[in-house]
Amino acid sequence: MSRVRIAITMGDPAGVGAEIIVKALNYKEVYQNCIPVVIGDYAVLEDAVKFCNLKIKLRKILDVAEAKGEYGYIDYINIDKVHSGEWEYKKNSAICGEASFQYVIYGIKQALARKVQAVVTAPINKKSLHMAGYPYSGHTEIFAEYTKTKDFAMLLASKSLHVIHVSAHVSLREACDHVKKERILKVIQLADKGMKELGYKTPKIGVAGLNPHCSENGLFGKEEEEEIIPAIKEAEAMGICVKGPEPPDTVFVKCQAGQYDIIVAMYHDQGHIPLKLSGFKYNLQEDKYESLSGINCTIGLPIVRTSVDHGTAFGKAGEGRANEESMLDAIYAGIQMAKYRM
């Protein structure tokens with residue numbers, strides 16, 4: 001099968017986005033299955049290449065179709081929002097928020113026009129985004145709005161665990177209000193769709209409960225009986241391989257053991273905590289992550305979108321210490337999902 005063309009958006013210039021991109025694109029095997037095009041700014045990419053001591057060359061193109069996907073070169077579109085001396089690593093600013101937003105919008109437009117088959121995103125910073133006047137809580141909401149998508153969900157994956165969320169960037173109090181049959185059923189369907197795109201022929205889906213011990217037959221709440229179980233039964237009737245609800249403190253262990261391929265989590269931290277425990281490894285003595293395995297996919301969009309599963313990491317930005325593992329994972333996932341849709 002021919003190589004897929006993917007857009008990689010640079011993220012916040014003050015963070016580690018440019019660094020993890022140039023490091024990831026220094027792997028020859030990346031070019032075997034894709035033609036990557038970086039959407040960003042030359043000054044930031046050039047600086048990252050320099051402080052990472054890489055021999056890779058930057059090649060400016062005016063249209064994503066011009067990208068050659070040639071190892072040793074990074075083909076990039078210069079959005080021309082940030083120039084030398086106009087940004088500072090580790091610091092929030094409106095200029096960086098504006099730039100990161102425009103990179104994403106450009107990538108979305110290229111995907112909607114079918115000029116690229118996937119968009120892979122480096123991290124943006126919410127505070128900088130807000131300083132620039134864009135009140136989004138993250139990439140997921142931007143992609144949903146600009147692709148006019150109503151039903152979507154955040155799917156996270158490490159090498160040993162997959163999780164999808166009923167709710168994500170809302171308060172915990174509000175998250176409980178999102179535990180409704182219609183939403184849970186939709187997320188189960190999105191889990192089935194997303195896992196098939198990631199290469200699972202018949203995904204085994206487990207559903208976590210909301211309450212401790214799945215409410216212990218109503219002792220600790222009624223959400224399981226009134227909302228979660230009816231959604232699971234309806235999904236089963238559709239032919240989806242789904243079971244639950246399972247107590248939240250054991251269902252992820254069962255997933256890692258192979259009983260399930262993916263878990264439907266009821267809210268953000270219920271899914272994020274086990275996922276990051278399975279994919280992140282932090283060395284306290286050296287103050288660095290030795291492993292940052294994991295990706296974030298937005299399921300339900302008309303285009304493929306994958307991302308790293310970490311933030312802008314201002315604490316180490318501009319120093320050459322950032323780990324590119326999650327960016328590599330996101331690129332490979334984007335390739336897999338794009339090829340499934342071809």
Could you go step by step and tell me if Val308 and Glu325 meet the side-chain contact (heavy atoms from CB on, under 4.5 Å) rule?
CA-CA 9 Å; Val308 297; Glu325 185 178 1; over 6 Å; no
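- With sequence neighbours excluded, no residue forms a salt bridge (Lys or Arg N to Asp or Glu O under 4.0 Å) with Lys127.
- A salt bridge between Lys57 and Glu70 is absent, with no side-chain N of the basic residue lying under 4.0 Å from a carboxylate O of the acidic one.
- Judged by distance alone, the side chain of Ser215 and the main-chain N or O of Lys222 form no donor-acceptor pair under 3.5 Å.
- For the atom pair NE2 of His139 and CD of Glu141, the computed distance is 10.5 Å after rounding to the nearest 0.5 Å.
- For the pair Met266 and Ile228, the tightest heavy-atom approach, listed with the atom from each and the gap, is SD-CD1, 4.0 Å.
- For His130 and Tyr136, the ring centers are positioned 6.0 Å apart or more.
- The hydrophobic cluster containing Ile74 also contains Tyr106, counting ILVMFWY residues as joined when their side-chain heavy atoms lie under 4.5 angstrom apart, directly or transitively.
- Residues Ile39 and Ile8 fail the side-chain proximity criterion, which asks for heavy atoms closer than 4.5 Å.
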Is there a side-chain contact (heavy atoms from CB on, under 4.5 Å) between Asn125 and Phe314 once you walk through the steps?
CA-CA 9 Å; Asn125 186 283; Phe314 275 3; 3.5 Å; yes
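- Looking only at atom types and distance, the side chain of Glu319 has no donor-acceptor partner in the side chain of Tyr89 under 3.5 Å away.
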One pair to check against salt bridge (charged side-chain N to carboxylate O under 4.0 Å, His left out): Lys243 and Glu236. What are the steps and the verdict?
CA-CA 8 Å; Lys243 301 295 179 185; Glu236 285 181 312; 3.6 Å; yes
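- Here the straight-line distance linking atom CD1 of Ile56 with atom CG of Leu25 works out to 6.0 Å at 0.5 Å rounding.
- The distance from the CG atom of Leu172 to the CD atom of Glu174 is 10.5 Å, given to the nearest 0.5 Å.
- Counting only heavy atoms from C-beta outward, the side chains of Met337 and Leu198 approach each other to under 4.5 Å.
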Checking salt bridge (charged side-chain N to carboxylate O under 4.0 Å, His left out) for the pair Lys159/Asp329: CA distance, chi angles, key distance, verdict?
CA-CA 9 Å; Lys159 290 180 172 60; Asp329 288 343; 3.6 Å; yes
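- Side chain of Trp87 to main chain of Pro13: a donor-acceptor pair is present (N/O by atom type, distance under 3.5 Å, no hydrogens or angles).
- There is no side-chain donor-acceptor pair under 3.5 Å between Ser93 and Ser128.
- For residues 57-78, the set of pairs meeting the ring-ring contact (aromatic ring centres under 6.0 Å, His included) definition, not counting sequence neighbours, comprises Tyr31-Tyr71, Tyr42-Tyr76.
- Taking both residues in full, the closest heavy atoms of Ile79 and Asp41 are given as C-OD1, 3.6 Å, listed atom of the first, atom of the second, then distance.
- Annotation: the span from Glu224 atom CD to Asn211 atom CG amounts to 4.5 Å, rounded to 0.5 Å.
- Under a 3.5 Å cut-off, the side chain of Glu86 and the backbone N or O of His83 do form a donor-acceptor pair.
- Residues passing the salt bridge (Lys or Arg N to Asp or Glu O under 4.0 Å) test with Asp47: none are found, sequence neighbours excluded.
- Partners of Pro230 according to the side chain to side chain contact (heavy atoms under 4.5 Å, CB included) rule, which considers only residues two or more places apart in sequence or in another chain, are Lys181.
- No side-chain heavy atom of Lys254 sits under 4.5 Å from any side-chain heavy atom of Ile263.
- Nearest heavy-atom pair across Ile108 and Val119 is N-CG2, 4.4 Å.
- Annotation: side chain of Phe152 is not in contact with side chain of Ile299 (no heavy-atom distance under 4.5 Å).
- Separation of atoms SG (Cys214) and CZ (Phe220) is listed at 11.5 Å; rounding is to 0.5 Å.
- Remark: the backbone N or O of Ile295 is not paired with any side-chain donor or acceptor of Ser326 at under 3.5 angstrom.
- A heavy-atom distance below 4.5 Å is not found between the side chains of Ser307 and Val120.
- Across all non-hydrogen atoms, the minimal contact from Val179 to Ile184 is CG1-CD1, 3.8 Å.
- Contact of the Ile331 side chain with the Ile6 side chain is registered, since non-hydrogen atoms from C-beta on lie closer than 4.5 Å.
- For Asp75 and Lys60, the salt-bridge test fails: no basic side-chain N is under 4.0 Å from an acidic carboxylate O.
- Every pair passing salt bridge (Lys or Arg N to Asp or Glu O under 4.0 Å) that includes a residue from residues 194-220 is listed here, sequence neighbours excluded: Asp192-Lys196, Lys193-Glu197, Glu197-Arg341.
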Show your reasoning for whether side-chain contact (heavy atoms from CB on, under 4.5 Å) applies to Ile77 and Val38.
CA-CA 6 Å; Ile77 298 286; Val38 178; over 6 Å; no
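- The backbone N or O of Gly209 sits less than 3.5 Å from a side-chain atom of Gln270, completing a donor-acceptor pair.
- Side-chain atoms of Asp261 do not come within 3.5 Å of backbone N or O of Pro203 as any donor-acceptor pair.
- Checked by atom type and distance alone, the side chain of Arg183 pairs as donor or acceptor with a backbone atom of Val166 at under 3.5 Å.
- In this structure, Tyr134 and Phe101 have parallel ring planes: the angle between them is below the 30° cut-off, well short of the 60° mark.
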Test side-chain hydrogen bond (donor to acceptor under 3.5 Å, both in side chains) on Ser158 and Ser278 and set out the steps.
CA-CA 7 Å; Ser158 70; Ser278 73; 2.7 Å; yes
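- Of the possible polar contacts, one joining the His165 side chain to the Met154 backbone as a donor-acceptor pair under 3.5 Å is found.
- Heavy-atom minimum distance, Asp151 versus Thr149: O-CG2, 3.5 Å.
- A donor-acceptor contact shorter than 3.5 Å is absent between the side chain of Arg305 and the backbone of Asn296.
- Around the CG atom of Asp63, the shell of radius 6.0 Å holds more than 12 heavy atoms that belong to other residues, nucleotides or ligands.
- Two residues are said to be in side-chain contact when any heavy atoms from C-beta on lie closer than 4.5 Å; His162 and Tyr200 meet this criterion.
- Of all non-hydrogen atoms in Val242 and Ile232, the two that sit nearest each other are CG1-O, 3.9 Å.
- Between Ile124 and Thr312 the shortest side-chain heavy-atom distance does not fall below 4.5 Å.
- In this structure, the separation between CG on Leu275 and CD1 on Ile164 is 12.0 Å, given to the nearest 0.5 Å.
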Assess whether side-chain contact (heavy atoms from CB on, under 4.5 Å) is satisfied between Ile262 and Val163, documenting all intermediate values.
CA-CA 5 Å; Ile262 185 170; Val163 179; 5.6 Å; no
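- Within the structure, the salt bridge (Lys or Arg N to Asp or Glu O under 4.0 Å) test picks out the following pairs touching residues 8-29 (sequence neighbours left out): Glu19-Lys23.
- Surrounding CD of Gln259 are more than 12 heavy atoms belonging to other residues, nucleotides or ligands, all under 6.0 Å away.
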Pair Lys339-Asn33, side-chain hydrogen bond (donor to acceptor under 3.5 Å, both in side chains): steps then yes or no
CA-CA 10 Å; Lys339 287 188 173 182; Asn33 291 294; 3.2 Å; yes
